[in-house]
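Ligands are counted one by one from 1 in listed order, and the atoms in each one are counted from 1 as well. The basis for the numbers below is simple: all heavy atoms, side chains too, and nothing from hydrogens, waters or symmetry mates.
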Amino acid sequence: MSLRVQFWGTRGSIPSPGPKTVRYGGNTPCVELRTTEGWLIILDAGTGMRELGRSLLSRANGAPIKGDIFLTHAHWDHIQGIPFFGPIFQRGNHFTIWGSQTLETSIDRIVRDQMNPVVFPVTFEELDATIDFSAIDERKQVRQGFEVSAYPVRHPGGALGYRFSEVGSGRSLVYISDNELGSGGKYETPIGWRSKLVDFVKGAKVLVHDTTYTAEEYDHYRGWGHSTYDDALSLAIEAGVEQLVLFHHKPERSDEELDQRVEQCREIVKERGINMEIEAAAEGMTLTV
Ligand SMILES: [Zn+2]
Ligand SMILES: [Zn+2]
């Protein structure tokens with residue numbers, strides 16, 4: 001019994017195709033999870049969602065496609081793939097889009113407005129698939145054979161981190177795409193936020209976390225809502241995860257530089273005698289939880 005994970009988009013902020021990003025990929029966040037029973041879970045709807053849609057249509061071979069889509073928040077890089085997700089144009093398909101109810105504008109409104117005729121040729125109302133919206137908070141929900149809970153993280157306008165596990169498996173994946181672990185920014189961070197975050201991540205098999213910046217870069221981007229490699233590594237160590245997956249790569253980060261960052265993180269855990277696997281998320285990469 002295991003959750004299967006596949007990365008379709010790993011880049012932060014804006015699609016970044018080109019010769020320097022071929023291996024880790026240029027599409028913005030989209031991750032596919034599958035339960036043992038085959039239920040489809042999609043994390044974020046960045047531009048990686050377009051290829052995921054093509055893959056789902058060919059795998060389904062005409063059969064209806066159903067699943068849950070969990071959005072961390074509604075910045076462009078996390079919703080831009082929705083209008084290009086092929087399965088929403090096919091009758092009989094059914095998706096539930098989950099998001100925070102604390103955003104200033106509801107997820108429902110944002111997704112619909114993204115397909116306003118001023119900016120997109122097909123309106124949301126014209127879509128053939130059935131699409132529902134649902135709010136999620138810190139309470140654990142049990143869905144089609146899996147459990148999910150959310151935790152509010154530090155990001156401009158608000159964002160959620162998610163924790164998933166198959167019912168009865170005891171192994172979890174935590175997905176935190178955009179989160180400022182550093183001290184910058186003006187957030188309404190409740191007292192005890194950090195220790196509650198550690199509890200939220202505690203004992204997960206896999207932590208996928210925002211690693212947009214180097215420590216040097218971070219000084220220029222305090223308050224932009226993202227973390228450094230060092231900060232994500234500290235959280236992973238503190239929470240005792242088995243594997244850390246570096247995610248939401250800075251648009252300018254080349255494949256070679258990402259290789260170096262992974263090596264540096266591996267050196268740090270090795271020096272400290274900690275047994276933790278470290279990878280950088282790459283388009284097409286798969287793992288099991
Ligand atoms: Zn983002
Ligand atoms: Zn964001």
Side-chain angles (χ1 to χ4, degrees), residues 5 7-17 21 24-32 42-52 69-85 97-111 113-114 136 150-162 173-189 193 197 207-214 217-218 220-229 231-232 235 244-253 258 261 280-283 285:
V5 184
F7 292 86
W8 293 89
T10 63
R11 192 67 52 173
S13 308
I14 188 167
S16 313
T21 57
Y24 290 100
N27 279 302
T28 60
C30 185
V31 183
E32 177 188 7
I42 300 171
L43 311 183
D44 277 328
T47 60
M49 199 183 207
R50 189 184 65 86
E51 270 301 318
L52 168 60
I69 300 169
F70 290 88
L71 301 179
T72 55
H73 63 310
H75 283 159
W76 276 345
D77 51 326
H78 298 260
I79 61 167
Q80 208 181 356
I82 293 173
F84 298 91
F85 182 55
I97 299 181
W98 297 80
S100 169
Q101 58 192 354
T102 58
L103 292 171
E104 282 171 28
T105 310
S106 71
I107 287 278
D108 182 333
R109 183 79 264 145
I110 295 164
V111 169
D113 284 356
Q114 184 184 216
I136 187 162
Y151 186 70
V153 292
R154 285 160 46 92
H155 195 65
L160 294 175
Y162 287 109
L173 170 118
V174 175
Y175 173 78
I176 303 177
S177 69
D178 296 48
N179 178 32
E180 184 157 0
L181 289 166
S183 58
K186 293 188 182 70
Y187 305 103
E188 288 173 25
T189 309
W193 176 82
L197 174 66
L207 169 63
V208 178
H209 198 283
D210 180 348
T211 52
T212 300
Y213 302 130
T214 64
E217 288 164 351
Y218 180 59
H220 302 284
Y221 297 103
R222 284 177 188 276
W224 286 47
H226 300 291
S227 293
T228 66
Y229 298 97
D231 287 340
L235 173 64
L244 171 64
V245 178
L246 313 179
F247 193 72
H248 203 274
H249 311 309
K250 195 165 186 274
E252 299 79 6
R253 194 81 64 216
L258 263 173
R261 297 293 163 194
E283 273 178 38
M285 184 172 112

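Legend: residues meeting side-chain hydrogen bond (donor to acceptor under 3.5 Å, both in side chains) with Thr228, ordered by chain and number and at least two apart, are Asp231. The ring pair (Phe, Tyr, Trp, His ring centres under 6.0 Å) check on Tyr175 picks up Phe247, with sequence neighbours excluded. Listed by chain and residue number, Asn27, Thr28 satisfy the side-chain hydrogen bond (donor to acceptor under 3.5 Å, both in side chains) test with Thr47 (two or more places apart in sequence, or in another chain).
The six-membered or imidazole ring of His78 lies away from that of His155, with a centre-to-centre distance of 6.0 Å or more.
The shortest heavy-atom contact between Pro29 and His248 is CG-CD2, 4.0 Å.
Around the Zn ion (ligand 1), the protein contributes the following N, O or S atoms at distances under 2.8 Å: Asp77 OD2, His78 NE2, Asp178 OD2, His248 NE2.
Relative ring orientation between Tyr221 and Tyr213 is described as parallel, the plane-to-plane angle staying below 30° on a 0-90° scale split at 30° and 60°.
Among heteroatoms of the N, O or S kind in His155, NE2 lies nearest the Zn ion (ligand 2).
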